[in-house]
There are 2 protein chains.
Amino acid sequence: MTIVRVTTPGGDYPIHIEQGRLQRLAETIPADATSIALVSNPVVLGLYGDTVRSALAQTGKPVAEVALPDGEAHKNWQSLNKIFDHLLQKGLDRKAVLVAFGGGVIGDMGGFAAACYMRGIRFVQVPTTLLAQVDSSVGGKTAINHPLGKNMIGAFYQPISVQIDPDVLKTLPPREVSAGLAEVVKYGLIIDAPFFDWCEANASALRNLETEAVIHAIQRSCELKARVVSQDERESGMRAILNLGHTFGHAIEAGLGYGQWLHGEAVGCGMVQAAELSADLLGFPRQDVERVRNVVEAIGCPVQAPDLGFERWVELMGHDKKAEGGTLRFVLMPRIGEAECLDVDPASLQPVLQRTVTGDGRG
Amino acid sequence: MTIVRVTTPGGDYPIHIEQGRLQRLAETIPADATSIALVSNPVVLGLYGDTVRSALAQTGKPVAEVALPDGEAHKNWQSLNKIFDHLLQKGLDRKAVLVAFGGGVIGDMGGFAAACYMRGIRFVQVPTTLLAQVDSSVGGKTAINHPLGKNMIGAFYQPISVQIDPDVLKTLPPREVSAGLAEVVKYGLIIDAPFFDWCEANASALRNLETEAVIHAIQRSCELKARVVSQDERESGMRAILNLGHTFGHAIEAGLGYGQWLHGEAVGCGMVQAAELSADLLGFPRQDVERVRNVVEAIGCPVQAPDLGFERWVELMGHDKKAEGGTLRFVLMPRIGEAECLDVDPASLQPVLQRTVTGDGRG
């Protein structure tokens, strides 16, 4: 089994990565737990519900199961309250353990429910998408959406452990695999050049979900994110470099309407655009821009951005929450494996958009 | 100015106790705060709204004011969401500071809103009842109620400071002063015999709200609660002694219907009953039972419990959440200034109830 240790001011915990973790979930429930709350959604439960139910039954503890409706649209107070209602009806006390079993939405809501139920109960995170495995496994961010904004209500709250079974990725739609791999590549770009090289060399193995490659990618991504987050739990400074590609990416998601491109796909394309901008402003080598483009393409993400029109691009990037005081803020790279935040004059974006938007000279 | 420093695993903060603190609230807002959310209720704002508004205006920062309906019945998700709606509509960012200005309900909800808004913003607690000043100033407990239980959804979240202006107590109904003083006396009983002696000697000064006595009582109560809580932030063991009088008290509140007796009144009477039970079971001196009874009476709380009938008493005490595994658990005193938790056979309660319930030989 591969273990990554995460150290944060809010607590230390292990990430266990291993084929067949689902079957061994009973090991992850502390002996003094009075009961278990299994929080998931109908899609995940349809595929793996029986496996997890029989694994948790080995603890001999009562299991209260809550199936929340699937999808970001349901990451709200109504779903959260469904968890609270169910746990209180079943009489779960503050020594219960919550198992959040699903993708990012379930992790965010399950974690936030655990943070608030009786002022905090323990929770185990079992992420079932590649994006959730490499992203939300580390950092302790939990939240629900509010009609006036995404992730506006939440908490920093750490799980007691994260359990990653790479086998569950086999039922993941290929687009979601590619979207998750964009975040994997991102860690190499911002902080670990040799890992970027490795991703480059293993792009097709990753896309084909070859187990050894996938486990290494998850492990290294978690290690790298943990390194960033341990220095900056509450996202004041360094953690911002995790947003490489996100300013462009958010503009794509918002410009096309959320749900058209997956978040990871938009980030993948946004990283190509950030590399282009880095070349213009920070001397990032032109040949490395092509390497970024080639890797993003090899993992199955789009490398050409939609044509939103220059004004709309700038407007959408300005509305990104990472922008402060009206300036456009980007995570850029002086070279592969290094990243910094920079305020950029919108005029600088024109040539980048010309080179990266569909139909404008490429493609 | 009197300052009590509170140290907890979740952070350190000062409690400032001084006449006229309300007028000087601007000092308590950090320079880097982008804006202020003032969370209060119509009663408190009617009395002190203008004072606080002009004090906060001195910061030059925008102030978003949220008036929540008054009372425990409104300590729910609807009120909490009213805070979130308002803060998001006004565009408050994660560098905003929330000022929770009111009694325990406002402190609980304002603190929980601060804990969750954008995963946590800073908050300043300005308690306006004596109970909130001596109880919820220390401990970091925030929460809302759920239809299936009180304080079921919440967080441990510490303010950046607590601001106590004893002048606000002058508009507090006398019954609420007495109820708050019951908690003051409690700290002496469980942990500080000399402070109990002092309360005994100053009972009428306290009841008459003589400033010097009140400031000392608040200071010492906060110090003593901080001592207990710093050793046990998440209420696993030692913190339980803070529940002296609460098992009897909860039975009174629930038996008569919540709102008939104030919580502090029920705790006051419950402490007399706990002293009686301590005499029977732990050799607590009989003459000290009379001292407890006399102090509770002198601060204006009832010393005779309502006649609920023995079966109902036991039933109501069994439903107290501090009871585990069906036994009746009490905080009892071997002597004044010392407390411990003890599982008690319900039969032992009969003589205590005979001596403390209205019309049964006393009264």
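Each chain gets a letter, A, B and so on, in the order its sequence line appears, and its residues count up from 1.
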S.K.: Could you give the distance from OH (B:Tyr157) to CZ (A:Arg119), rounded to the nearest 0.5 Å?
M.R.: 15.5 Å

S.K.: So how far is it from B:Leu88 CG to A:Ile153 CD1, rounded to the nearest 0.5 Å?
M.R.: 5.5 Å

S.K.: Specify which of A:Gly149, A:Ala113, A:Gly154 makes the most heavy-atom pairs with chain B at under 4.5 Å.
M.R.: A:Gly154

S.K.: Identify which part of A:Asp93 has an atom lying under 4.5 Å from any heavy atom of chain B, answering side chain, backbone, both or neither.
M.R.: neither

S.K.: Please check if the number of heavy atoms outside B:Lys61 that lie under 6.0 Å from its NZ is greater than 12.
M.R.: yes

S.K.: Among B:Phe84, B:Phe112, B:Tyr117, which residue forms the greatest number of heavy-atom pairs with chain A at distances under 4.5 Å?
M.R.: B:Phe84

